[in-house]
Amino acid sequence: MAENQSLKREKNMYTVIREIHFSYGHRLVGHQGKCRHVHGHNGRVQIEVAASTLDQLGMVIDFSEISRTIGKWIDENFDHVLILWEKDPLASVLKERGEKILVVAENPTAEYLARRIFEEARKMELPVARVVVWETNDSCASYQG
């Protein structure tokens with residue numbers, strides 16, 4: 001049994017986590033509870049970056065690099081933005097009125113946000129391992145590749 005466990009063991013990895021805070025609004029179309037109404041969150045995102053070896057400075061990545069890349073993207077695309085599903089009837093009305101909204105292809109759940117941030121970080125060639133989105137102090141969703 002110990003032999004099987006060692007075969008399943010993954011490569012040794014170093015990880016670092018950078019936390020980024022942002023405020024956003026959304027609503028969940030089809031939800032039966034309070035989340036069906038427009039509401040906001042002071043959310044936080046934990047970006048976990050991994051590597052099997054360290055760079056010449058002894059780091060996985062400089063924390064400032066995470067902030068400069070995906071942190072900037074979060075600030076520009078999600079911070080103080082109302083995020084609505086393209087099927088939400090409010091999306092077209094608010095867009096016509098010039099409100100700052102982001103229309104997305106899925107219901108803007110914490111799970112969706114985690115995956116979207118992960119995908120954007122990968123496009124930036126960050127070695128992201130996992131993204132955790134905290135909607136509240138006690139509720140989060142994560143996505144990992």
Side-chain angles (χ1 to χ4, degrees), residues 5 7-145:
Q5 286 177 342
L7 292 175
K8 292 180 182 179
R9 197 173 295 148
E10 293 194 24
K11 194 177 194 181
N12 292 335
M13 297 295 283
Y14 296 96
T15 62
V16 295
I17 298 171
R18 176 73 183 202
E19 191 165 281
I20 299 163
H21 297 253
F22 69 107
S23 299
Y24 68 101
H26 71 158
R27 79 174 185 158
L28 302 180
V29 175
H31 193 277
Q32 298 304 307
K34 294 178 185 180
C35 293
R36 71 180 182 270
H37 302 292
V38 173
H39 63 285
H41 294 284
N42 288 318
R44 69 184 200 271
V45 180
Q46 294 169 324
I47 309 291
E48 183 177 337
V49 177
S52 58
T53 60
L54 301 177
D55 68 14
Q56 66 277 11
L57 296 174
M59 296 188 281
V60 171
I61 190 171
D62 193 312
F63 291 116
S64 65
E65 181 68 10
I66 299 169
S67 295
R68 188 186 66 75
T69 54
I70 194 63
K72 181 180 178 193
W73 186 90
I74 291 167
D75 185 58
E76 291 174 351
N77 291 277
F78 286 167
D79 189 43
H80 285 82
V81 173
L82 179 60
I83 305 169
L84 297 174
W85 188 13
E86 65 189 5
K87 294 182 180 180
D88 189 324
L90 280 181
S92 60
V93 173
L94 292 174
K95 199 169 197 168
E96 287 172 9
R97 294 196 173 10
E99 289 295 326
K100 186 175 180 181
I101 67 167
L102 174 64
V103 179
V104 296
E106 299 174 34
N107 235 353
T109 61
E111 294 87 344
Y112 168 80
L113 296 177
R115 189 184 81 235
R116 178 79 185 272
I117 293 167
F118 181 95
E119 290 169 349
E120 291 298 327
R122 281 281 170 100
K123 286 180 191 174
M124 296 172 186
E125 298 184 0
L126 289 175
V128 63
R130 184 169 74 136
V131 171
V132 181
V133 173
W134 290 85
E135 275 195 345
T136 64
N137 288 335
D138 57 7
S139 299
C140 68
S142 70
Y143 185 84
Q144 59 191 37

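These values consider heavy atoms only, across backbone and side chains, with no hydrogens, waters or symmetry-generated copies. In this chain, numbering begins with 1 at the start of the sequence shown.
One finds the CZ atom of Arg18 at 15.0 Å from the CD atom of Glu48 (value rounded to the nearest 0.5 Å). Atom SG of Cys140 is separated from atom CD of Glu111 by 9.5 Å, given to the nearest 0.5 angstrom. Summarising the geometry, atom CZ belonging to Arg27 is positioned 9.0 Å from atom NE2 belonging to His37; distances are rounded to the nearest 0.5 Å. From Glu135, atom CD reaches atom OH of Tyr24 across 3.5 Å, with rounding to the nearest 0.5 Å. For the atom pair CG of Asn137 and CZ of Arg44, the computed distance is 6.0 Å after rounding to the nearest 0.5 Å.
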Residue pair Arg115, Glu119: steps toward the salt bridge (charged side-chain N to carboxylate O under 4.0 Å, His left out) verdict: CA-CA 6 Å; Arg115 189 184 81 235; Glu119 290 169 349; 3.3 Å; yes

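You'll find the side chain of Leu28 reaches within 4.5 Å of the side chain of Pro108, heavy atoms only. Using a 4.5 Å cut-off on side-chain heavy atoms (C-beta onward), Val16 and Met59 make no contact. With a 4.5 Å cut-off on side-chain heavy atoms, Val29 and Lys87 do not count as touching. Inter-residue side-chain proximity for Arg116 and Val104 is flagged as met; some heavy-atom pair is nearer than 4.5 Å. Taking the side chain as every heavy atom from C-beta outward, Val132 and Gln144 never approach each other to under 4.5 Å.
Side-chain polar atoms of Asp62 and Ser64 form a donor-acceptor pair below 3.5 angstrom.
For Trp85 (side chain) and Ala105 (main-chain N/O), a donor-acceptor pair under 3.5 Å exists by modelled atom type. The closest donor-acceptor contact from the side chain of Glu76 to the backbone of Ile74 lies at 3.5 Å or more, if one exists at all.
Applying the 6.0 Å contact sphere to CG of Asp55 captures more than 12 heavy atoms from other residues, nucleotides or ligands. In the displayed structure, Glu125 atom CD is contacted under 6.0 Å by at most 12 heavy atoms of other residues, nucleotides or ligands.
Closest non-hydrogen pair, Glu120 versus Ile70, comes out as CB-CD1, 3.7 Å. Contact between Ala114 and Ala141 at its shortest, heavy atoms only, is CB-O, 4.0 Å. Between Ala50 and Thr15, the shortest heavy-atom distance links the atoms CB-CG2, 3.7 Å.
Identified under the ring pair (Phe, Tyr, Trp, His ring centres under 6.0 Å) test for residues 112-145, with sequence neighbours left out: Phe118-Tyr143.
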Which pairs of donor and acceptor atoms, one on a side chain in residues 77-84, lie under 3.5 Å apart (sequence neighbours left out)?
from: Asn77; atom 1: ND2; to: Trp73; atom 2: O; distance (Å): 2.8
from: Asp79; atom 1: OD1; to: Ser23; atom 2: N; distance (Å): 2.8

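His39 pairs by the ring-ring contact (aromatic ring centres under 6.0 Å, His included) definition with His26, His41, not counting sequence neighbours.
Remark: of the listed residues Val49, Val60, Val128, Val49 is the sole one forming a side-chain contact (heavy atoms from CB on, under 4.5 Å) with Ile66. In summary, of the residues considered (Ile61, Ile17, Ile117), a side-chain contact (heavy atoms from CB on, under 4.5 Å) with Ile47 occurs for Ile117 alone.
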